[in-house]
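The structure is given below, and queries will be raised subsequently.
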Amino acid sequence: MRHLCVRFVCIVSIVTLLFSAAGADAHVTHIEIISRSDIQDGHAFGLAGAYEKIVGRVYFAVDPANIHNRQIVDLDKAPRNAQGEVEFSADLYLLKPKVMDKGNGAVLFEVSNRGGKGILHIVNGVNSSDPTAEFGDGFLMRKGYTIAWVGWEADLADQGDRLRLFAPVAHDAGGKEIRGLVRSDFTPAQKLEDMPLGHFLLGPTGGKSYPVDDPNSAKNVLTVRDTPDGLRRIIPRSQWSFAHTVDGHLVSDLHFIHLDGGFLPGKIYEVVYEAKDPIVVGLGLASVRDFLSYLKYEPQAAAPVHRVYAVGISQSGRFLRHFLYQDFNADEQGRQVMDGVMAHVAGAGRGSFNHRFAQPSRDAQPLSSIFFPTDLFPFTDLPETDPESGETAGLLDATKKSHTAPKIFLTNTSYEYWGRSASLIHTSPDGLKDAQLGENVRVYMLDGLQHFSAPFPPKKSNPGSPDSTAQQRYNPNPVQWYWRALITDMNQWVKDGTPPPPSTYPKIADGTLVPLGKWNFPKIPGVNKPHEASLAYHLDFGPHWKEGIVSFEPPKVGRPFPVLVPQTDADGNDLGGVRLPELQIPLATYTGWNLRDPSIGASDLRLSFYGSFIPFAKTAAEREQTGDPRLSVAERYASREQYLGQFAEAAMKLIHERFLLPEDLPAVLQRGEREWDEVTGQK
């Protein structure tokens, strides 16, 4: 009986949503609810009350003739329904107050990173060792936010609980197949005979990669090189095949590549091949736009809201920069969709989110996804001029013309200044002066953090990721406190007009942002320093690139844009940004870089995503014995109590600056106690 009632509720909800979408001229045509359940058995989250979880699928239709869809590559080549619209769908995951009027009127929408849901884990402090603790301390719910995710990425595998986009394939007139070149690259951490053609971040199969059209085509080429800018050496066609080893037998597989003798660790392999049937990848941008427009402007929506805040981390932070650059913040009626945007650890990047044969998962790492359309001019929010091409453009040009520019936080950690060319978002393209920022843009560098927070106490390796074995322990500094404060700052800025903290980042003018040659990192015994930082290049993908069609694969590589790095203090900790108490009252050096362990090859190059934790010596005698130039813990602090007192003062300073919430002070101080115990071995 209960099963029948649940089904009845779902059916009624579907009918209601069908009616709501159609009545508002929204391009969410309907929502299919797969499950609807109370969160924590109806537990009340503060004044917002009880929450419910909705899992389902959103169905869309877009008009190729609409001016606000003109930027979607190959939309005109997708199949259409009887109304001349292109239909597609996406997975939905939604957390909402059961009584929406008890919420705060805002949706916190996370642009899913490769189909995942990360914001609850980061902001609510979910304990990853407890799979039942999905909602952590309930921070976002206690504040009354609706929290939502919708699928936008079409290259995810049809398995697991990833949020996927289901988009059509494009064809030329008369249904003729479209063909083009596709590229894949990878650097194994150990010797392997087979590799997927798709991006390794999508799992062991590489997600939904484009299969090879003709395995015997002369257009299929495999090369190997030692460094990103090194000479490519062609591997003879007789030595490799599109195949995969299964139960000890080599079988043909158009989604895998096999090399006789195996792919060697630390080498960069790159395969270019011809494929057919490109997916209309740009509909992922439309799915986010239209779902949020539906929530904001349709009173009978599944979770109607007044304000939309979009957050994106790493890949999805780049998605948000791309979303704004290509004017997706105007819906089909020209209305502004996102009121606030928080693009985190995106560096200067956009991505492979809207071109023919695009692979959205591709990023730009030290030894993989190299020379993909990720870090492309323009980088700054206001217009800038490329001295080489003479082009003048800004990231927000289109949103200003459509009058849909949101309020924006661009936040990066120390890692992105080494691995994501982050300095380019606030310098001139020639790297000689600081760039002006727009009135509604804030840039924050979070000093002494890596791309994502590592567990504490830190380690040098991750059992689930053998390619991330490092020379130093990972950087464990927490980002959670910043997120909670910045989400609060954004809400106050949009809702009440209260300005957020001023932009805080290293600058050329005060010497806190410098060329690599002027970087003064201390000579710490046993610590090898990086000799390079990831660069953004002038890339030529061919004469039809502006229409979203790649002709040159790999692209022609021109001169790099100058990328600068944060200067450090005498301890090796970065200057110029927002500093956690861990950097104001340090027990260690916390970097945004970490070199690869020799066991995984290329040990002179940086590791993707990771920074370093390099603790101080405990005593002066220990420091002098090793030759460490950094003062020891005992030389800095007379006692544990003195350290914790100074640590508390630093935390109070962050509260005053509005980078830390008062309610989080006890947890921050508790973390300081754990760090003292870890470094000194004392309690």
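Computed from heavy atoms alone, side chains included, the values below leave out hydrogens, waters and symmetry copies.
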So do Asn462 and Tyr610 actually touch side chain to side chain, heavy atoms under 4.5 Å?
->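 They are in side-chain contact.
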Give me the one residue out of Lys208, Arg162, Gln315 that meets side-chain hydrogen bond (donor to acceptor under 3.5 Å, both in side chains) with Glu153.
->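 Of all the options given, the one that passes is Gln315.
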Is it true that the side chains of Ser465 and Asp467 contain a donor and an acceptor less than 3.5 Å apart?
->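 Ser465 vs Asp467: donor-acceptor pair found between side chains.
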Any donor-acceptor N/O pair, Glu298 side chain to Leu295 backbone, under 3.5 Å |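 Judged by distance alone, no pair lies under 3.5 Å.
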Which residues share a side chain to side chain donor-acceptor pair (under 3.5 Å) with His344, sequence neighbours left out |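 With sequence neighbours excluded, His344 shows a side chain to side chain donor-acceptor pair (under 3.5 Å) to Thr411, given in chain and number order.
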In plain terms, say whether Asp38 and Lys98 are close enough for a salt bridge, that is, a side-chain N and a carboxylate O under 4.0 Å apart.
->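 Yes, charged N to carboxylate O under 4.0 Å.
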Gap between atom CG of Asn477 and atom CG of Leu580 - 0.5 Å precision =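 Interatomic distance, Leu580 CG to Asn477 CG, rounded to 0.5 Å: 5.5 Å.
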Ignoring hydrogens and angles, tell me if any N or O in the side chain of Ser352 forms a donor-acceptor pair with the backbone of Pro360 under 3.5 Å.
->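 Absent.
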Please report, to 0.1 Å, the donor-acceptor pairs under 3.5 Å made by any side chain of residues 84-93, with sequence neighbours excluded.
| unit_1 | atom_1 | unit_2 | atom_2 | d |
| --- | --- | --- | --- | --- |
| Glu85 | OE2 | His27 | NE2 | 3.0 |
| Glu87 | OE2 | Asn81 | ND2 | 2.9 |
| Ser89 | OG | Arg57 | NE | 2.9 |
| Ser89 | OG | Arg57 | NH2 | 3.0 |
| Asp91 | OD2 | Arg164 | N | 2.8 |
| Asp91 | OD2 | Arg164 | NE | 3.0 |
| Asp91 | OD2 | Arg164 | NH2 | 3.4 |
| Tyr93 | OH | Glu134 | OE2 | 2.2 |

Any donor-acceptor pair under 3.5 Å linking the side chain of Arg473 with the backbone of Lys459?
->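 It does not hold such a pair.
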Chi angles and distances behind the ring-ring contact (aromatic ring centres under 6.0 Å, His included) call for Phe357, His355 = CA-CA 6 Å; Phe357 290 109; His355 65 265; 9.2 Å; no
Could you state the interatomic distance from CZ (Arg484) to CG (Asp489), rounded to the nearest 0.5 Å?
->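 Taking CZ in Arg484 and CG in Asp489, the distance rounds to 13.5 Å.
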Point-to-point distance, once rounded to the nearest 0.5 Å, from CG of Asp664 to CD1 of Ile655 |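 It is 8.5 Å, given to the nearest 0.5 Å.
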Going by atom types alone, do Ser402 and Asp327 pair a side-chain donor with an acceptor below 3.5 Å?
->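 There is such a pair (donor and acceptor under 3.5 Å, judged by atom type) between the side chains of Ser402 and Asp327.
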Do side-chain atoms of Asp331 reach the backbone of Ser293 as a donor and acceptor pair under 3.5 angstrom?
->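 Not a single qualifying donor-acceptor pair exists.
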Ala48: partners by side chain to side chain contact (heavy atoms under 4.5 Å, CB included), with sequence neighbours left out =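 Applying side chain to side chain contact (heavy atoms under 4.5 Å, CB included) to Ala48 gives Tyr51.
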Looking at the rings of Phe409 and Tyr444, which for Trp means the six-membered one, are their centres under 6.0 Å apart?
->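 Yes - the distance between ring centres of Phe409 and Tyr444 falls below the 6.0 Å cut-off.
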Using distance alone, with no hydrogens and no angle criterion, decide if Arg307 and Tyr309 have a side-chain donor and acceptor under 3.5 Å apart.
->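 Per modelled atom types, Arg307 and Tyr309 side chains form a pair under 3.5 Å.
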Trp481 ring center near Phe659 ring center (under 6.0 Å) |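 No; Phe659 has its ring centre 6.0 Å or more from that of Trp481.
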Check the surroundings of atom CD1 in Ile67: do more than 12 heavy atoms from other residues, nucleotides or ligands lie under 6.0 Å from it?
->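 Atom CD1 in Ile67 is not packed in, count stays at 12 or less.
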Can Arg142 and Glu663 be counted as an ion pair, charged N to O under 4.0 angstrom?
->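 Yes.
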Establish, from distance only, whether the side-chain atoms of Arg658 and Gln492 form a donor-acceptor pair under 3.5 Å.
->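 Result is yes, a qualifying pair exists.
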Please confirm whether Arg674 makes a cation-pi placement over Phe456, using NZ or CZ under 6.0 Å from the six-membered ring centre and within 45° of the ring normal.
->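 Ring-cation test returns no.
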Take Asn329 and Thr404 through the test side chain to side chain donor-acceptor pair (under 3.5 Å) and record every step on the way to the result.
-> CA-CA 6 Å; Asn329 207 35; Thr404 60; 4.5 Å; no
Under the 3.5 angstrom rule, does the side chain of Arg114 hit a backbone N or O of Ser361 as a donor-acceptor pair?
->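 A pair under 3.5 Å: yes.
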Any donor-acceptor N or O pair under 3.5 Å, side chains Gln359, Arg362 |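 There is such a pair between these side chains.
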Check the angle between the aromatic planes of Tyr294 and Phe291 and answer parallel, tilted or perpendicular using the 30° and 60° thresholds.
->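 Plane angle between 30° and 60°, so tilted.
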Tell me yes or no: between the side chains of Asn69 and Gln71, is some donor less than 3.5 Å from an acceptor?
->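 No pair is found: no donor N or O on one side chain lies under 3.5 Å from an acceptor on the other.
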Could you label the plane-to-plane angle of the Phe353 and Trp152 rings as parallel, tilted or perpendicular, counting under 30° as parallel and over 60° as perpendicular?
->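 Rings of Phe353 and Trp152: perpendicular, over 60°.
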